[in-house]
Amino acid sequence: MERVYNFSAGPAMLPVEVLKEAASEMLNYKNTGMSVMEMSHRSKDYEMILDEAENNLRKVMNIPDNYKVLFLQGGGSQQFAMVPMNLMKNKEADYIVTGVWAKKAFNEAKMYGKANLVASSEDQQYSYIPDCSNLNISKKADYVYICENNTIYGTKFWKLPDTKGKILVADQSSCFLSEPVDVSKYGLIFAGAQKNVGPAGVVIVIIRDDLISEEVYPATPTMLRYKTHSDAKSLFNTPPAYGIYICGKVFKWLLDNGGLQERKIKNEEKAKLLYDYLDNSKLFKPTVRKDSRSLMNVTFITESDELNEKFIKEAKLEGLINLKGHRLVGGMRASIYNAMPLEGVKALLAFMKKFEEENI
Ligand SMILES: *Cc1c(COP(=O)(O)O)cnc(C)c1O
């Protein structure tokens, strides 16, 4: 069986070079006589893996020294709780709801304080990013929360909201490391690894160090305090050790391949191919407003559910898999993260053109 072009939203494709290198080290990591999976997380060898992963991530994202990098577990979803438990000092925060993940975070925050809905695109099935240039930011808000790339709907913030001086918290799960970002504009960034970075089981948190404190929501478990993990340099307990090792390899792969500037060029090229075609197709329609389109998750439909289904089924026979849209929205979604090669997008495009000719 050859490798397929996997358009899944996550877990998703990883660079084949990374997988091959990990395979070659599987039984005997650098003459230790064991796999990284079998290694003590307190060993010198593992400490080096963790240090190198962090240092390479710092390099690739240009993370300022006053930010901590934490490798945690619990996925993106656990951050929906950790963020308010740790950052809602005034018991109030503002949320911009642009999709399912943002709404989940918003609802979670309500358990820990007053969560205000300051903007939403629910009125049009989350098919756009609302204007966030002059929001009614609450005086007491401890932070403003966004989901920067909406994996399910295929939208992205092309411009960050004006938070009027408040801290910006961003869920970057599905756009992390897809292009350069200015980390200093954020108080906290988090990303589940399984979309664009590595295997499931790791979530990366980048947090400005003055936001880490003992002062948290009462009875916040030790494991859910950023301070616990920051003090212990992500080794408070056994971390998701193998997952971090793979993430480290992806960071190195990014550095060796032109960094995030090069990723941006490549990702824009891939997305443009699909959107240009979708804008002119007689069969397929893009579902997202032009100014809000994601570079990572391209969503589209035909005129009927039957035709959508036929497309997904026939694409699969061509080795173009997981093109089904999220169960909440239907239609199609092509997730084209960093590791999706240009050839994969070209193969999808050629198939779409053929399908259009046969079905119009
Ligand atoms: C997938 C996803 C999540 C949830 O991640 P889990 O690791 O499954 O908890 C949260 N936010 C965004 C933007 C996602 O794409």
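Note that ligands are numbered from 1 as they come in the structure, with each ligand's atoms numbered from 1 the same way. Computed from a prediction, not measured in an experiment: that's the story for all the values here.
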Quick one, Asn134 with Lys164, criterion side-chain hydrogen bond (donor to acceptor under 3.5 Å, both in side chains). Give me CA distance, side-chain angles, the key distance, then yes/no.
CA-CA 9 Å; Asn134 187 19; Lys164 307 196 173 163; 2.6 Å; yes
Is Asn150 touching ligand 1 with its side chain, its backbone, both, or neither, if touching means heavy atoms under 4.0 Å apart?
neither
Which atoms of ligand 1 have any heavy atom of Thr151 under 4.0 Å away?
12 (C), 13 (C), 14 (C), 15 (O)
Give me the nearest non-hydrogen protein atom to atom 5 (O) of ligand 1 as residue plus atom name, then the distance to 0.1 Å.
Gly76 N, 3.6 Å
Are Met85 and Val203 co-members of a hydrophobic cluster defined by side-chain heavy atoms under 4.5 Å apart?
yes
In short, side chain to side chain donor-acceptor pair (under 3.5 Å) pairs touching residues 96-111 with sequence neighbours left out are Thr98-Asn150, Lys103-Glu122, Asn107-Lys110
Residues Asn6 and Asn322: side-chain donor-acceptor under 3.5 angstrom
yes
Please list, in number order, the atoms of ligand 1 under 4.0 Å from a heavy atom of Phe80.
10 (C)
Assign the ring pair Phe311 / Phe351 to parallel, tilted or perpendicular, where the plane angle (0 to 90°) is split at 30° and 60°.
tilted
Phe355 vs Phe284 aromatic rings, parallel, tilted or perpendicular, using cut-offs 30° and 60°?
tilted
Heavy-atom distances under 4.0 Å are what count here, so tell me which part of Phe176 touches ligand 1: side chain, backbone, both or neither.
neither
Ligand 1 contact by Asn149, heavy-atom criterion under 4.0 angstrom
yes
Which protein non-hydrogen atom lies closest to atom 14 (C) of ligand 1, naming both residue and atom, and how far is it?
Lys195 NZ, 2.8 Å
Counting both backbone and side chain atoms, is some N or O of Gln78 under 3.5 Å from an N or O of ligand 1?
no
Would you kindly specify which portion of Cys147 sits under 4.0 Å from ligand 1, judged on non-hydrogen atoms: side chain, backbone, both or neither?
side chain
the protein heavy atom lying closest to atom 11 (N) of ligand 1 turns out to be Asp171 OD2, 2.6 Å
Determine, using heavy atoms of Lys104 and all atoms of ligand 1, whether some pair is separated by less than 4.0 Å.
no
Ring centers of Tyr245, Tyr29 separated by less than 6.0 Å
yes
Close-contact set for ligand 1 against Gln194 heavy atoms, below 4.0 Å
5 (O), 6 (P), 7 (O), 8 (O)
Atoms of ligand 1, numbered as shown, that sit under 4.0 Å from any heavy atom of Gly75
7 (O), 9 (O)
Going by atom types only, do Tyr143 and Tyr95 share a side-chain donor-acceptor pair under 3.5 Å?
yes
Let me have the donor-acceptor pairs involving side chains of residues 334-343, under 3.5 Å, with sequence neighbours excluded, atom names and distances please.
{"unit_1": "Ser335", "atom_1": "OG", "unit_2": "Asn297", "atom_2": "ND2", "d": "2.9"}
{"unit_1": "Tyr337", "atom_1": "OH", "unit_2": "Ala9", "atom_2": "O", "d": "2.6"}
{"unit_1": "Tyr337", "atom_1": "OH", "unit_2": "Asn297", "atom_2": "ND2", "d": "3.1"}
{"unit_1": "Asn338", "atom_1": "OD1", "unit_2": "Asn267", "atom_2": "ND2", "d": "2.9"}
{"unit_1": "Asn338", "atom_1": "ND2", "unit_2": "Leu177", "atom_2": "O", "d": "2.9"}

Give yes or no for whether the N/O distance cutoff of 3.5 Å, strictly under, is met between Ser77 and ligand 1.
yes
